[in-house]
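Encoded as structure tokens, the structure appears first; notes follow it.
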Amino acid sequence: MSQHFLLSKKVRDFSLIKLLNWSDDDYFNFLKHIKFKGEESTVCPECGAIKPPRFLKTRKQWRCRDCDRSFSLFSGTVLANSKLTLRKIVLAMYLYSSETKGISMSQLSRDIDVSYKTAFTLLHKFKEAITQTEDLTPLKGHVQIDGGHFGGKPRSGQFRRIGRPEDIVAKIKLGKSQGAKRSRISRANLERKKRNRRIIINLRQLGPKGTGAVRTICRVAMAEDEKHVMSLIRRFVEPGTYIETDESSAYLQCSLGYKHETVQHSTEYSTIDGVNNNQAESFFSRIRRWEYGVSHRMEAKYMQDYANEFAWRENTRRYTQLEKLRCLADKVLSSGLSRWWCGYWQGIKRDDEMLWKA
Ligand SMILES: [Zn+2]
């Protein structure tokens, strides 16, 4: 069996030690190289002119030859007007991109010595950059689709799951097995569950045999039903594509315009012919580990942001450390201004959640 990618030597091409030994100029040059893609011309974020701008060495800024306004590395991006040093920003990018299951905001605040609020908006701006630069061209070839329930976990009820000792004794006397007593959920708790529960539907394009999924697109919906599923497929999957799903009735119409096969999950994970949707399933296992171990909470309002982050993590899972850092830096530098996280702590918050409407 081949070696796991994360255990190979290839992946360790850029360590935190190397990054910490960089000088301020190194951080600047690293980002500059990604921003200009090796050429000395860029689109001016002020007027849109594409000309080689003048470099103002002492200020580490550029001045447009057309509109005469100056701009810096992060002008016009999600990190515009950030007061953080480049060192802290690149370090945050490194930690965020290299953790396979994400990094918590409070951990980042301790790692790079910023307040929790700063770490919170910084990580959300990374997610926004990932969302803005998402590749939405339709998936093709071989696609697996599945939906997973997230958020709205009810608090444990008033009663413990295991009954009182006298109940257990009574049950044993009656010859019944020691069945778990169902925890009762209060009405308020049930309402909370209904209100916060969402479905993440993921669509994954598979590569050649043995390579797993190569592209992932996720959308958050209120239900995994025919209406939502089919509108997603029509938008994100090319007609004629081979689609594998589980036996859910939501996918019944997939055979119209697509080659559709199902696996009966109540009896097997893969049919004798190899039909399965294990790649779509495994996506949820990773995002759930993040929910249990890192975030501890998935707010419905920001679930699409989290789903996009994990779709990106999946798409870059075979990247080396340096490739991941470059990829994230590129997304941040080519993003537009932040619509959702500028002035968040001053009370400017996103009004509506991003829900897929069929
Ligand atoms: Zn200009």
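Residue numbers run from 1 in the order of the sequence given. What you see is a predicted model; the values in this text were computed from it and never measured. Whatever order the structure lists them in is the order used to number ligands and atoms, beginning at 1.
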message = Distances under 2.8 Å only: what protein N/O/S atoms are near the Zn ion (ligand 1), ordered by chain and residue?
response =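 Near the Zn ion (ligand 1), the protein supplies Cys44 SG, Cys47 SG, Cys64 SG, Cys67 SG.
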
Point-to-point distance, once rounded to the nearest 0.5 Å, from CZ of Arg350 to CH2 of Trp340 =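 The distance works out to 4.5 Å.
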
Exceeds 12 heavy-atom contacts within 6.0 angstrom, atom [atom1] of [X]:
X: Tyr319; atom1: OH; value: no
X: Lys60; atom1: NZ; value: yes
X: Lys301; atom1: NZ; value: yes

query = With respect to Asp135, which candidate in Leu139, Thr137, Thr133 satisfies the side chain to side chain contact (heavy atoms under 4.5 Å, CB included) definition?
reply =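 So, applying the side chain to side chain contact (heavy atoms under 4.5 Å, CB included) to Asp135 and each of Leu139, Thr137, Thr133, only Thr137 qualifies.
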
Which atom pairs, donor and acceptor, lie under 3.5 Å between side-chain atoms of residues 232-241 and protein residues at least two apart or in another chain?
unit_1, atom_1, unit_2, atom_2, d
Arg235, NH1, Leu136, O, 3.3
Thr241, OG1, Glu238, O, 2.5

